[in-house]
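What follows is a set of notes on a single structure, which appears directly below.
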Amino acid sequence: QVQLVESGGGLVQAGGSLRLSCAASGRTFNIYAMGWFRQAPGKEREFVAAITWNGASRDYADAVKGRFTISRDNAKNTVSLQMNSLKPEDTAVYYCAAAHKPSIYALRTREYDYWGQGTQVTVSS
C-alpha cells in the first residue's frame, strides 16, 4: 500500500555531506510519521531520525544530533535527511520507514509499518 524508495547515498570523505531522500508512493495520505534508520555491518539496526508528517515532532539519535537534519515535503511525499560533518562511523545502509498511526511510544522506539530497500552511505577516513 505504501512504497518507499531511498536515494542519495554514496561515498564521501569524512567531514563531507550527503543528502538522502525517501520518496513515498501508493496510499500516502494516511502516513503519520517517517523515520530514518541505519544498519552497519555486524550491528543491529539503529534509529537515526524521525519526523511526524505534520512536522510537530522530530527526534534524533544522540550520535547524529547537531549534524543531521530531517525534513519533509508533504506535497511531494518526500522525507529527506541532510547529513553534515560525516564520520566513518556513520557508514551504514540507511533505511526509510513510515508509520500510519500515532503511538504511545516515542518516534525512536515505535513500530513502523513500511520500509524502503535502503541506500548505502560510506564515509572514508
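The model shown is predicted, which means the values in this text are computed figures rather than measured ones. Atoms considered below: every heavy atom in the structure, side chains included; atoms not considered: hydrogens, waters and symmetry mates.
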Atom pair [atom1] ([X]) and [atom2] ([Y]), whose distance is rounded to the nearest 0.5 Å:
X: Asp73; Y: Ser80; atom1: CG; atom2: OG; answer: 8.0 Å
X: His100; Y: Trp53; atom1: NE2; atom2: CH2; answer: 12.5 Å
X: Gln82; Y: Leu18; atom1: CD; atom2: CG; answer: 8.5 Å
X: Glu6; Y: Trp115; atom1: CD; atom2: CH2; answer: 9.5 Å
X: Arg58; Y: Leu107; atom1: CZ; atom2: CG; answer: 11.0 Å
X: Tyr94; Y: Gln39; atom1: OH; atom2: CD; answer: 12.0 Å

More than 12 heavy atoms of other residues, nucleotides or ligands under 6.0 Å from [atom1] of [X]: is that the case?
X: Glu46; atom1: CD; answer: yes
X: Arg27; atom1: CZ; answer: no
X: Tyr105; atom1: OH; answer: no
X: Glu111; atom1: CD; answer: no

Under the 3.5 angstrom rule, does the side chain of [X] hit a backbone N or O of [Y] as a donor-acceptor pair?
X: Arg67; Y: Met83; answer: no
X: Thr52; Y: Ser57; answer: yes
X: Thr28; Y: Ser25; answer: no

Hydrophobic cluster identity match, Phe47 and Leu81, side-chain contacts under 4.5 Å
no

Mind checking whether Phe37 and Val79 sit in one hydrophobic cluster, side chains of I, L, V, M, F, W, Y counted as touching below 4.5 Å?
no

Looking at every non-hydrogen atom in both residues, tell me the closest pair between [X] and [Y] and how far apart they are.
X: Ala40; Y: Ala92; answer: N-CB, 3.8 Å
X: Val121; Y: Gly9; answer: CG2-CA, 4.2 Å
X: Val123; Y: Lys87; answer: CB-O, 3.3 Å
X: Gln117; Y: Tyr95; answer: O-CE2, 3.4 Å
X: Leu4; Y: Ala98; answer: CD1-N, 3.7 Å
X: Asn84; Y: Ser17; answer: OD1-OG, 2.9 Å

If the test is side-chain contact (heavy atoms from CB on, under 4.5 Å), which one of Met34, Gln1, Gln3 qualifies with Tyr114?
Gln1

Partner of Thr122 under side-chain contact (heavy atoms from CB on, under 4.5 Å), chosen from Leu86, Leu11, Val93
Leu11

With Arg38 as partner, the option from Asp90, Thr119, Thr91 fulfilling side chain to side chain donor-acceptor pair (under 3.5 Å) is Asp90

Under 6.0 Å from the six-membered ring centre of Tyr112 and within 45° of its axis: does the NZ or CZ of Arg110 meet both?
yes

Apply the test side chain to side chain contact (heavy atoms under 4.5 Å, CB included) to residues Cys22 and Trp36: give CA-CA distance (whole Å), side-chain angles for both, the deciding distance (0.1 Å), then the verdict.
CA-CA 9 Å; Cys22 175; Trp36 287 96; 3.6 Å; yes

For Lys101, is there an ion pair with Asp113 - N to carboxylate O distance below 4.0 angstrom?
no

Taking only Lys NZ, Arg NE, NH1 and NH2, and the carboxylate oxygens of Asp or Glu, determine whether Lys65 and Asp62 approach each other closer than 4.0 Å.
yes

